[in-house]
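What follows is a set of notes on a single structure, which appears directly below.
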Amino acid sequence: MSELSEVVLFHGLDAAAITALEQAVVIRRYAAGKAIISTDEPSTDIFFVLSGRVQAKRFAPDGHEVVYLDIAEGSYFGEFAAIDGQLRSADVIAIGEARIARMRAEQFHEFILRYPRIGLNLSRELVRKLRDLSARVFEFTVYPVPIRIRKAILRLAEQARRPGSACTIKPAPTHYEIAALTATHREAVTRELAFLAAQGILRTGRQTIEILDLPRLRALADPDPG
């Protein structure tokens, strides 16, 4: 099975369409820490994550890092510039080794017109991302730090979950990266992960976070408003 068939934008396409897509992309490996695109650069290509994980982030003038999005295998990035032709709105950096397929914006437009399923999938994904962003803005405004951290871990766990297998986040983000995702500091993340581990909800290892009790994590991440 082609790796591109696992990319969410291409779900539902037949083998002939996937073959055409394969001929239109260039695949490259990126080492951990390597920048794939940078804020304000003028490129307009779209990228598909075949393996590994990347993050979209921005850096404040004082060096403070804000992580917008954790982008997992089977997802994509760069669609904003590919659609509107404007400058890039974030840095995207490989977290661990990643294999990325790259397609020119003009070809992507042609595929959307040729295969309406891509446009439908893209619309659904853009709505999902907007909902996620709205939820995070609400969380930052309303919830204390421990709840924000639990919700971030829960989102990562749901992304990593596979039917019939253990729920393990691998490679897991560092404490610093989770802090950047939740607008807090590394020490707060360390304390909260230690608390969750003591409660038997998760277990941390080398670049892994294994979720031992997903229902309880959900409950703690969504406390009674009362």
Side-chain angles (χ1 to χ4, degrees), residues 3-4 6-9 25-105 108 122 125-126 128-130 132-133 136-137 140 148-149 151-153 155-160 168-190 193 204-209:
E3 292 172 294
L4 282 179
E6 299 299 315
V7 173
V8 64
L9 291 187
V25 300
V26 174
I27 298 175
R28 179 180 171 186
R29 291 183 182 273
Y30 291 86
K34 180 70 174 179
I36 304 170
I37 57 177
S38 300
T39 303
D40 292 335
E41 73 173 56
S43 65
T44 58
D45 294 353
I46 186 168
F47 301 80
F48 312 104
V49 184
L50 303 181
S51 65
R53 183 170 60 90
V54 303
Q55 283 183 341
K57 60 182 69 178
R58 288 287 296 269
F59 295 90
D62 64 0
H64 180 69
E65 178 181 328
V66 178
V67 176
Y68 291 154
L69 193 62
D70 201 84
I71 306 167
E73 181 177 316
S75 194
Y76 62 94
F77 59 93
E79 73 276 16
F80 287 7
I83 292 170
D84 65 14
Q86 300 299 307
L87 299 177
R88 299 294 187 183
S89 57
D91 298 307
V92 177
I93 298 173
I95 307 299
E97 184 174 302
R99 290 179 66 252
I100 309 293
R102 180 173 188 158
M103 181 186 292
R104 290 189 297 108
F108 185 58
L122 177 63
E125 283 296 300
L126 288 173
R128 181 189 63 78
K129 287 183 177 182
L130 182 58
D132 287 348
L133 180 60
R136 288 183 64 191
V137 170
F140 292 166
R148 299 205 302 266
I149 295 170
K151 286 182 175 294
I153 296 297
R155 275 192 290 268
L156 291 170
E158 297 286 9
Q159 289 175 6
T168 301
I169 304 166
K170 183 178 181 179
T174 65
H175 293 191
Y176 176 81
E177 290 167 347
I178 295 172
L181 275 168
T182 54
T184 185
H185 50 84
R186 184 173 56 189
E187 291 76 12
V189 174
T190 300
L193 290 180
T204 60
R206 183 175 177 80
Q207 294 188 313
T208 64
I209 299 176

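Predicted, not measured: the structure shown is a model, and the values here were computed from it.
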inquiry  = Closer than 4.0 angstrom, basic N to acidic O: yes or no for Arg53 and Glu73?
reply    = no
message = Checking side-chain polar atoms at under 3.5 Å, does Thr184 have a donor or acceptor matched by the opposite partner on Arg148?
response = no
inquiry  = Taking Asp132 first and then Arg128, would you say they form a salt bridge - that is, a charged N and a carboxylate O separated by under 4.0 Å?
reply    = yes
task = Measure across Thr204 and Ile209 and return the closest heavy-atom pair with its distance rounded to 0.1 Å.
result = CG2-CG1, 4.3 Å
request  = Determine the minimum heavy-atom distance between Ala157 and Ile169, stating which atoms define it.
outcome  = N-CD1, 3.7 Å
key: Ala101 to Leu50 - nearest heavy-atom pair and separation   = CB-CD1, 4.1 Å
ask   = Using 30° and 60° as the class limits, which term best fits the ring planes of Phe77 and Phe47: parallel, tilted or perpendicular?
value = parallel
inquiry  = On a heavy-atom basis, which atom in Ser43 and which in Ala81 lie closest, and how many Å separate them?
reply    = O-CB, 3.7 Å
inquiry  = Does any part of the side chain of His175, heavy atoms only, come nearer than 4.5 Å to the side chain of Leu193, both counted from C-beta?
reply    = yes
message = Taking the basic N atoms (NZ, or NE/NH1/NH2) and the acidic carboxylate oxygens, is any pair closer than 4.0 Å for Asp45 and Arg104?
response = no
inquiry  = Run Ile153 and Ile178 through side chain to side chain contact (heavy atoms under 4.5 Å, CB included) and show every step you take.
reply    = CA-CA 8 Å; Ile153 296 297; Ile178 295 172; 3.7 Å; yes
query = Is it the case that more than 12 heavy atoms not belonging to Tyr68 sit under 6.0 Å from its OH atom?
reply = yes
query = Is the backbone N or O of Phe80 less than 3.5 Å from a side-chain atom of Arg88, with the two atoms forming a donor-acceptor pair by type?
reply = no
task = Identify the heavy atoms of Leu69 and Arg136 that sit nearest to each other, and give their distance.
result = N-NH1, 4.1 Å
query = So do Ile83 and Leu122 actually touch side chain to side chain, heavy atoms under 4.5 Å?
reply = yes
task = Look at the side chain of Glu177 and the backbone N and O of Thr174, then say whether any donor-acceptor pair between them is shorter than 3.5 Å.
result = yes
Shortest non-hydrogen contact between Thr182 and Ala152, atoms and distance = CG2-CB, 3.6 Å
message = Main chain of Glu3, side chain of Glu6: is a donor-acceptor contact present, judged purely on distance under 3.5 Å?
response = no
ask   = Quick one: does Val54's side chain get under 4.5 Å of Ile93's, heavy atoms only?
value = no
query = Heavy-atom distance under 4.5 Å between the side chains of Val8 and Glu125, does that happen here?
reply = yes
ask   = Which pairs pass side-chain hydrogen bond (donor to acceptor under 3.5 Å, both in side chains) with one or both residues in residues 74-86, sequence neighbours excluded?
value = Glu79-Lys129
request  = Using atom types as modelled and distance alone, determine if a side-chain donor or acceptor of Arg102 lies under 3.5 Å from a backbone N or O of Ile27.
outcome  = no
inquiry  = Quick one, Arg29 with Glu97, criterion side chain to side chain contact (heavy atoms under 4.5 Å, CB included). Give me CA distance, side-chain angles, the key distance, then yes/no.
reply    = CA-CA 7 Å; Arg29 291 183 182 273; Glu97 184 174 302; 2.9 Å; yes
